Amino acid sequence: MTKDRAPTRIQKKNRAAILEAALEVFSTHGFRGATVDQIATEAGLSKPNLLYYFPSKEAIFNELMAQLLGTWLDPLRSLDPDGDPLEEILAYVQRKLQMSRDFPRESRLYANEIVQGAPRLLGTIATDLNALVEEKSALLQRWMQAGKINSAHPKHLLFSIWSLTQHYADFDVQVRALMADEDPFDAAPEYLDTLYRRMLTPSDN
């Protein structure tokens with residue numbers, strides 16, 4: 001798409017439709033299984049029309065992942081060094097769980113990329129994500145050393161939060177099949193709050 005003028009309303013609408021369609025197709029079929037034809041059909045556009053906005057499947061995927069990572073990492077960035085440590089962590093857990101409820105396709109898209117070896121994301125993981133995790137791990141370590149939360153390996157703590165919250169999105173079919181009589185998100189917030197509160201509350205509190 002031309003870069004020398006501001007996009008029109010129709011161009012913005014079509015671009016958004018393409019990205020929405022691509023999210024559906026990529027999250028269902030993965031990068032390898034998705035095709036430009038599938039995305040164009042899902043978006044209600046012709047293939048040449050789609051290629052006017054994005055020159056390739058890779059370009060669409062890269063745009064999606066750039067948007068996703070920004071949204072996905074915001075809760076971790078929001079951990080406040082000046083806040084109450086336990087409440088900051090518990091709020092982070094709840095934000096991650098809510099994201100799994102609100103953005104299941106985005107979660108599965110990211111998981112599919114990682115399972116495939118992150119060929120298109122490894123550079124970002126090794127740089128931007130690594131720097132953020134190092135920063136927040138150091139913050140967790142300071143809280144632990146100050147006795148404000150129980151000691152634990154800070155990175156494994158983050159990994160466990162990711163796995164326990166994103167499981168509800170990435171394994172949605174399995175979770176709902178095993179909890180056919182209730183919405184899994186009804187009890188999950190209280191369960192995870194209790195789990196991490198008991199784990200991290202210092203014994204003298």
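Just so you know, residue 1 is the first one in the sequence shown, and it goes up from there. The figures that follow rest on heavy atoms only: side chains count, while hydrogens, waters and symmetry mates do not. What you see is a predicted model, and the numbers here were worked out from it, not measured in a lab.
In this structure, the salt bridge (charged side-chain N to carboxylate O under 4.0 Å, His left out) partners of Glu24, at least two apart in sequence or on a different chain, are Arg105. Listed by chain and residue number, His156 satisfy the ring pair (Phe, Tyr, Trp, His ring centres under 6.0 Å) test with His153 (two or more places apart in sequence, or in another chain). Applying the salt bridge (charged side-chain N to carboxylate O under 4.0 Å, His left out) test to Asp80 and every residue at least two apart in sequence or in another chain returns nothing. With sequence neighbours excluded, the residues that form a side chain to side chain donor-acceptor pair (under 3.5 Å) with Ser160 are Tyr196. Taking Arg9 as the reference, nothing meets the salt bridge (charged side-chain N to carboxylate O under 4.0 Å, His left out) condition, with sequence neighbours excluded. By the side chain to side chain donor-acceptor pair (under 3.5 Å) test, Asn49 is found to be paired with no residue, residues two or more places apart in sequence or in another chain being considered. Under the salt bridge (charged side-chain N to carboxylate O under 4.0 Å, His left out) criterion, Lys47 pairs with Asp37, sequence neighbours left out. A search for side chain to side chain donor-acceptor pair (under 3.5 Å) contacts involving Tyr168 returns nothing, not counting sequence neighbours.
Residue pairs meeting the salt bridge (Lys or Arg N to Asp or Glu O under 4.0 Å) criterion with at least one partner in residues 58-71, sequence neighbours excluded, are Arg15-Glu63. Note on residues 109-129: pairs passing side chain to side chain donor-acceptor pair (under 3.5 Å), not counting sequence neighbours, are Glu113-Arg120, Gln116-Arg120. Counting only residues at least two apart or in different chains, salt bridge (Lys or Arg N to Asp or Glu O under 4.0 Å) contacts with residues 186-203 comprise Glu87-Arg197, Asp193-Arg197. Residue pairs meeting the salt bridge (Lys or Arg N to Asp or Glu O under 4.0 Å) criterion with at least one member in residues 154-171, sequence neighbours excluded: Glu134-Lys155.
Residues Ala169 and Ser100 approach most closely at CB-O, 3.6 Å, considering heavy atoms. Between Leu64 and Leu23, the closest heavy-atom pair is CD1-N, 3.6 Å.
Annotation: side chain of Met179 is in contact with side chain of Glu182 (closest heavy-atom distance under 4.5 Å). Contact check for Pro75 versus Gln98: no side-chain heavy atoms found under the 4.5 Å cut-off. Between Arg108 and Phe26, every side-chain heavy-atom pair lies at or beyond the 4.5 Å cut-off. Inter-residue side-chain proximity for His167 and Trp162 is flagged as unmet; no heavy-atom pair is nearer than 4.5 Å.
Side-chain contact, Tyr52 with Gln11: a donor N or O sits under 3.5 Å from an acceptor N or O.
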